[in-house]
Engineer: 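Okay, here's the structure, questions in a sec.
Small disclaimer: the values here were computed from a predicted structure and weren't measured. In the text below, chain A, chain B and the rest are named by the order of the sequence lines, each starting its count at 1.
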Amino acid sequence: MLYREALNRAIDECMAVDSTVVMLGEDVGLYGGSYRVSEGLVAKYGEKCLIDTPIAELSIVGNAVGMAIGGLRPIAEIMTANFALLAFDQIINHMSKYHYMSAGKITLPMVVRFPQGVSKQLAAQHSESYEQMLAAVPGLRVFAVSDVNYAYHALKKAILMDDPVVFIEHELLYNKKGDVDMNADLDPFKARIVKEGQDVTIVTYLKMVDDVMEMLPELEEQTGKSYEVIDLQSLNPIDYDTLKNSLEKTGRLVMVEEDHYMGGYGAQIVSWAAEKMFYALDAAPLRIAGKNVPIPYNRKRELASIPTPETIKEEIKAWGAENGL
Amino acid sequence: MLYREALNRAIDECMAVDSTVVMLGEDVGLYGGSYRVSEGLVAKYGEKCLIDTPIAELSIVGNAVGMAIGGLRPIAEIMTANFALLAFDQIINHMSKYHYMSAGKITLPMVVRFPQGVSKQLAAQHSESYEQMLAAVPGLRVFAVSDVNYAYHALKKAILMDDPVVFIEHELLYNKKGDVDMNADLDPFKARIVKEGQDVTIVTYLKMVDDVMEMLPELEEQTGKSYEVIDLQSLNPIDYDTLKNSLEKTGRLVMVEEDHYMGGYGAQIVSWAAEKMFYALDAAPLRIAGKNVPIPYNRKRELASIPTPETIKEEIKAWGAENGL
Amino acid sequence: MDKSIAEEIYALMVLGRKFEYAAKEHYMTGEISGFLHLDIGQEALSVAAMKAFDHGDVFTTYREHIMAMSRGIEPKAVMAELFGKSTGVSEGQGGSMHLFDPSHFFYGGDAIVGGHIPNAVGCAYARKFKESEHGVLVLFGDGASNSGAFFESLNIASTWKLPLLFLCENNQYAIGTKITRVAPFLEQRKKAEPYMRTMEVDGNDALAVYECIKEAQEYISKGHGPVFVEAMTYRYEGHSVSDAATYRSAEELEIWKHKDPIAQLKSVLQDRFELSSSDLDEIDKKAQETVDEAVTFAQESPEAGVETLYDHLFKEVNHVVS
Amino acid sequence: MDKSIAEEIYALMVLGRKFEYAAKEHYMTGEISGFLHLDIGQEALSVAAMKAFDHGDVFTTYREHIMAMSRGIEPKAVMAELFGKSTGVSEGQGGSMHLFDPSHFFYGGDAIVGGHIPNAVGCAYARKFKESEHGVLVLFGDGASNSGAFFESLNIASTWKLPLLFLCENNQYAIGTKITRVAPFLEQRKKAEPYMRTMEVDGNDALAVYECIKEAQEYISKGHGPVFVEAMTYRYEGHSVSDAATYRSAEELEIWKHKDPIAQLKSVLQDRFELSSSDLDEIDKKAQETVDEAVTFAQESPEAGVETLYDHLFKEVNHVVS
Ligand SMILES: Cc1ncc(C[n+]2csc(CCOP(=O)(O)OP(=O)(O)O)c2C)c(N)n1
Ligand SMILES: Cc1ncc(C[n+]2csc(CCOP(=O)(O)OP(=O)(O)O)c2C)c(N)n1
Ligand SMILES: [Mg+2]
Ligand SMILES: [Mg+2]
């Protein structure tokens with residue numbers, strides 16, 4: 001099934017088992033969601049559970065917080081990451097803090113979902129990534145799942161658990177195909193080893209997992225080395241154990257992310273490795289990330305502003321050569 | 001003069017030389033600003049230039065963007081960092097992007113200022129720091145100046161230059177005393193070496209500079225080592241050259257920041273050092289940062305959630321001992 | 001209006017005022033810290049609205065001690081919260097601005113101006129969804145009535161016909177800024193007129209507030225959608241205890257002190273309900289005792305230790321810790 | 001109404017529609033990408049408003065090709081922008097949604113619904129500050145009329161008495177959602193009534209739009225403060241070219257096609273101003289030529305190279321680069 005179908009399935013099943021699960025957002029009801037994630041659900045659960053909202057992102061998240069206080073399990077959909085900025089007050093000042101500030105008296109079982117990243121020429125106001133901001137907020141759990149099967153299980157977990165979750169998707173993943181095993185017992189808080197390897201650990205997440213896997217056969221062939229690829233899945237908390245085990249084996253770290261280099265999420269991973277794994281590292285780590293520019297409309301420039309399979313491969317090769325790999 | 005007086009002086013002088021400089025925000029006019037930064041200015045320049053706004057942060061920044069388009073040089077004041085979240089759409093989707101998206105046709109000579117950080121028991125919705133989010137936005141310049149003299153010069157530069165600037169202050173710095181040399185020719189884009197040293201480079205900024213300097217004599221005495229303290233001042237761009245020179249000399253890096261450890265701004269500095277200075281480092285770097293919790297009201301817990309001179313000193317000593325300093 | 005209700009409201013108003021003065025006193029000693037927003041002068045509104053709105057959820061702002069107590073939260077637990085003690089209503093995590101008690105359906109103390117209004121809208125949606133008897137009351141100031149969060153909420157609550165009572169406490173000032181300098185008119189209810197029924201009430205007249213909120217509660221509970229009540233009032237103290245309030249004239253303050261809500265209700269109790277001065281003294285005395293007890297309780301209570309700093313960060317404990 | 005103005009408006013409407021169809025065609029070939037929002041069916045409003053508002057700044061949305069051309073920006077420069085070429089009005093950095101040209105006082109193409117309205121408010125403040133002749137026009141949709149940014153702007157523009165013309169293009173849909181499902185009423189001008197004068201106009205009647213905007217422009221330029229104009233209209237195409245618009249009935253679309261703005265103005269030109277069919281054919285022909293030239297120009301123009309990726313990130317070049 002497609003990635004978006006897996007998300008749809010997860011929401012559908014949660015609504016079936018728990019009548020307090022509702023979803024709200026722009027065009028999520030009759031229209032079925034702008035990326036078709038909620039397609040068909042309004043016919044099954046009605047407009048009471050699939051709530052078309054005005055274009056008012058602050059309220060979408062703010063209302064979801066209130067619904068959770070009132071005993072529902074809301075899933076708030078924001079059409080695109082850039083619009084989530086309008087809801088940052090509600091996400092950061094309210095959703096992330098009420099449980100702690102109330103000493104646990106208020107519980108917010110809710111999810112905020114949105115797609116992010118560079119799709120195709122949507123320009124600067126529709127192409128950004130905000131995991132570096134949201135994963136840094138205490139009191140939130142942040143998922144960014146690349147695998148279709150894990151996406152299904154992670155979203156179910158996010159909806160049915162009692163803590164507030166930000167669930168980040170990528171516009172280019174919605175039509176990705178994959179098998180979903182509904183009975184699998186998966187832990188979305190654990191990082192996923194996509195491919196085992198001996199010489200270098202590549203840490204990445206979301207759409208970059210696919211870009212890394214795309215160039216990997218060539219990279220391995222051209223360098224004669226073997227690379228371990230880790231998909232973080234949960235950006236907060238970070239499964240440091242899995243990273244540690246891998247780095248102890250390889251001694252070399254490459255971090256790949258789509259977002260801008262300056263202050264990007266990967267800085268946390270690399271700085272952690274420098275602090276806690278310094279003596280296990282055999283070489284300087286490498287961060288591959290987007291350029292520090294707003295995303296241009298022109299396709300060539302757009303592609304030049306983010307990592308692609310080709311540039312990832314070339315950067316790793318150059319780094320390997322410089323660092324005695 | 002006091003830090004807040006230095007800021008006042010900078011604004012005053014800019015308004016005196018350029019009649020297009022205006023300041024807007026809640027209580028900035030008749031009240032003189034909640035931290036008294038604009039005190040007395042309305043009497044000199046009138047309500048046309050000191051604009052009291054409604055409580056509508058999105059509009060405060062959004063209006064400032066439009067004022068800049070219309071030929072003014074607005075300074076937008078947000079009372080506290082947490083409220084700036086309401087304006088993140090305008091800061092990130094508009095202020096940072098119009099110049100680039102328009103291929104330079106639109107210019108936004110504007111400043112957004114706000115204080116941040118833990119003051120005294122203001123609780124979770126009034127105590128946060130957002131430099132990690134804003135310094136990561138391409139198209140913005142971000143200052144966070146600790147020194148009174150530099151604060152004066154940096155704010156003048158920010159107001160009179162043509163690029164959009166986020167100017168971050170700290171609630172506990174406003175009453176800090178210092179001398180201002182109006183004729184000095186200072187470059188606020190350069191990091192400031194607060195104290196020279198040989199064995200360890202401590203990188204920090206804003207209020208933590210003072211906390212580091214407070215414990216430094218004891219630390220040096222107790223460890224018998226000499227520490228170089230660097231105040232970043234400009235968080236974007238980063239003056240990597242100054243850091244590089246220092247690390248080449250000391251081979252050891254400690255990064256101190258008040259914000260939460262997870263994804264904090266310091267991760268960028270440490271990850272950069274790991275990437276670019278790896279072979280110059282003699283030991284694992286250390287990041288000292290706040291705990292990953294919203295800031296509690298209770299004073300003891302509040303203090304336990306952020307670095308203090310005492311904990312900074314103890315963490316550095318323990319790290320030094322573990323890393324053969 | 002029942003005598004016993006009037007008396008109960010009066011007793012809470014007296015308690016409230018004494019509580020606020022005690023809080024101020026212990027702020028000066030340093031036992032209380034942070035921002036402390038006193039409700040003195042506005043007791044009629046805070047108490048009578050809570051008493052009238054007897055079934056439903058309440059969302060309010062950082063100026064909420066008296067509302068919390070009127071909802072039934074123990075004065076001790078409120079004072080201990082101000083002292084940052086673990087016996088406080090939010091165990092010292094929140095302080096004066098953040099008093100949460102779902103067992104009293106009280107979600108009080110949001111410190112983001114306007115930020116709690118969308119939360120109240122969502123809660124009203126949940127109540128309607130569950131076909132509950134509960135409606136929701138959301139209190140906010142004249143300053144909050146300029147925020148995007150407020151405006152979006154008027155529109156949404158009206159579209160969804162929610163059982164939501166918007167209660168605007170118009171004390172004419174947002175910190176140092178007079179409302180008429182940052183809005184085109186004094187009466188904030190005009191903003192709600194395109195969307196819903198509006199009502200106005202003298203916020204210093206406790207019994208009028210009581211009747212008005214009762215009527216509004218009945219209206220929303222009948223499924224007519226939201227309603228907007230505006231109450232004019234005035235705070236005697238500065239915005240918070242660190243504000244000297246030099247932006248207002250002494251005359252303006254005097255005018256309002258002549259309309260003092262406690263004095264007004266006192267006359268009514270004496271004239272209409274024939275309470276004797278010894279009855280009134282008794283109320284006073286009991287209030288003072290309660291406040292003194294609350295202070296002693298707060299002083300003697302323990303602080304939460306720093307070893308539990310990570311408690312309540314999440315409800316579900318995860319095996320992977322960041 | 002002057003004949004030459006009516007003719008000019010008609011010519012631009014015809015040009016606009018042909019331009020939009022050409023853009024759609026070249027989207028299908030892949031030469032244009034991203035989001036492409038067509039203005040077909042709404043040409044009367046887009047053209048006549050721009051022609052009437054002849055001195056002042058214009059802030060608008062992502063559905064702005066026709067407005068940009070009506071403001072005087074070359075069709076070539078607009079088409080080249082859609083193609084992502086360096087000869088485009090934003091040098092290919094912005095694309096269809098971001099056409100900026102301060103030399104024509106056109107700040108068009110914000111892709112954050114409602115996000116440009118506070119910018120327009122600020123610009124109007126600057127114009128008033130400088131005692132300029134300029135007022136500001138801000139165009140937005142029915143969907144944007146639910147956003148906090150919009151509501152805050154009504155309040156602020158009214159408080160500051162700014163020379164700002166709010167122009168609501170009510171085409172009844174925000175992507176797939178009918179406005180009456182997410183607002184309590186169809187007429188969005190009701191939201192502005194507490195704050196300012198409101199006017200309504202048939203958005204498909206170009207001459208009526210022209211007269212109305214002229215009147216509104218005069219009103220704001222006289223210092224009366226802001227004004228709100230609502231124009232009802234309808235888009236024939238989906239929200240963007242990737243939307244099949246299955247949420248509307250064929251009948252509804254038909255009803256609106258009977259009120260086609262170009263056909264309406266054509267009759268007026270024939271009946272009232274006695275244009276011959278050869279005059280009209282000539283206009284058609286010229287429009288087609290202009291569009292064809294624009295496409296050829298766009299196709300033949302160069303793309304900006306990736307080596308200039310960092311150009312225009314900042315205006316002031318700093319010695320320290322991040
Ligand atoms: C979003 C936001 N902006 C600014 C502030 C700072 N602030 C706290 S209270 C206040 C005034 C609020 O006035 P009003 O709504 O009238 O309530 P009152 O204090 O009069 O009860 C302001 C500006 C804040 N807490 N939140
Ligand atoms: C803040 C924000 N939220 C959501 C979107 C996605 N979006 C783009 S256009 C649109 C509908 C806008 O409708 P309306 O204002 O009526 O304008 P129209 O498209 O009808 O011209 C939406 C929801 C956006 N671009 N920005
Ligand atoms: Mg007030
Ligand atoms: Mg529309």
Side-chain angles (χ1 to χ4, degrees), chain B residues 24-36 42 47 51-60 62 79-80 82-87 89-90 118-128 171 260-263 290-306 311, chain C residues 30 32-36 62 81-86 88 90-98 109-115 141-151 174-179 181-183 239-240 242-243 245-247 303-313 321-322:
Chain B
L24 70 162
E26 296 152 20
D27 286 313
V28 301
L30 296 190
Y31 194 75
S34 49
Y35 292 95
R36 303 171 62 184
V42 74
E47 291 188 40
I51 309 161
D52 281 324
T53 67
I55 305 173
E57 283 76 9
L58 183 70
S59 283
I60 293 174
M79 272 193 190
T80 293
N82 284 70
F83 320 150
L85 294 172
L86 283 156
D89 164 63
Q90 285 294 337
V118 171
S119 171
K120 199 175 168 212
Q121 293 190 259
L122 303 185
Q125 290 181 333
H126 279 74
S127 302
E128 288 194 317
E171 300 193 6
H260 318 296
Y261 175 80
M262 171 67 193
K291 303 280 191 294
N292 294 330
V293 292
I295 308 297
Y297 169 72
N298 172 278
R299 181 63 173 162
K300 275 193 207 149
R301 288 163 78 96
E302 176 180 59
L303 286 176
S305 71
I306 53 167
T311 60
Chain C
I32 298 173
S33 189
F35 286 135
L36 183 70
Y62 43 82
E81 188 60 32
L82 273 47
F83 278 65
K85 299 300 181 74
S86 64
S90 302
E91 298 180 18
Q93 293 284 79
S96 161
M97 302 197 285
H98 306 294
D110 199 55
I112 303 300
V113 170
D142 48 292
S145 307
N146 289 326
S147 68
F150 164 74
F151 294 119
I175 307 186
T177 299
K178 191 148 197 161
I179 179 67
R181 295 185 55 244
V182 286
H239 170 71
S240 70
S242 46
D243 167 29
T246 51
Y247 43 83
E303 291 181 75
V306 298
E307 65 290 347
T308 56
L309 189 68
Y310 287 94
D311 284 9
H312 304 308
L313 182 55
V321 177
S322 67

Engineer: Highest number of heavy-atom pairs under 4.5 Å with chain B: which of C/Ile32, C/Asp243, C/Ile175, C/Val113?
Structural biologist: C/Ile175
Engineer: With a 4.5 angstrom heavy-atom cut-off, could you sort out which part of B/Leu86 is near chain C: side chain, backbone, both or neither?
Structural biologist: side chain
Engineer: Using non-hydrogen atoms only, which part of C/Ser90 is less than 4.5 Å away from chain B: side chain, backbone, both, or neither?
Structural biologist: neither
Engineer: Quick check on the interface: out of B/Thr53, B/Leu85, B/Ile55, who has the most heavy-atom pairs with chain C under 4.5 Å?
Structural biologist: B/Ile55
Engineer: Name the option with the most non-hydrogen atom pairs under 4.5 Å to chain B; the candidates are C/Leu313, C/Ile179, C/Thr246, C/Ile112.
Structural biologist: C/Ile112
Engineer: Does any heavy atom of chain C fall under 4.5 Å from the side chain of B/Glu57, the backbone, both, or neither of them?
Structural biologist: neither
Engineer: Are C/Phe35 and B/His126 close enough that their ring centres sit under 6.0 Å apart?
Structural biologist: yes
Engineer: Which atoms of B/Tyr31 are under 4.5 Å from chain C, going by heavy atoms: the side chain, the backbone, both sets, or neither?
Structural biologist: side chain
Engineer: Quick one: pull up CD in B/Glu302 and CD in B/Gln121 and give me the separation to the nearest 0.5 Å.
Structural biologist: 5.5 Å
Engineer: Of the listed residues (C/His312, C/Met97, C/Lys85), which shares the most heavy-atom pairs with chain B below a 4.5 Å separation?
Structural biologist: C/Met97
Engineer: Can you confirm whether more than 12 heavy atoms, excluding those of B/Lys300, are under 6.0 Å from its NZ atom?
Structural biologist: no
Engineer: Supply the atom-to-atom distance B/Ser34 OG to B/Met79 CE, rounded to the nearest 0.5 angstrom.
Structural biologist: 4.0 Å
Engineer: If the threshold is 4.0 Å, N to carboxylate O, is there a salt bridge linking B/Arg301 and C/Glu91?
Structural biologist: no
Engineer: For B/Leu58, is it the side chain, the backbone, both, or neither that has a heavy atom closer than 4.5 Å to a heavy atom of chain C?
Structural biologist: neither
Engineer: Is any side-chain heavy atom of B/Glu26 closer than 4.5 Å to one of C/Thr177?
Structural biologist: no
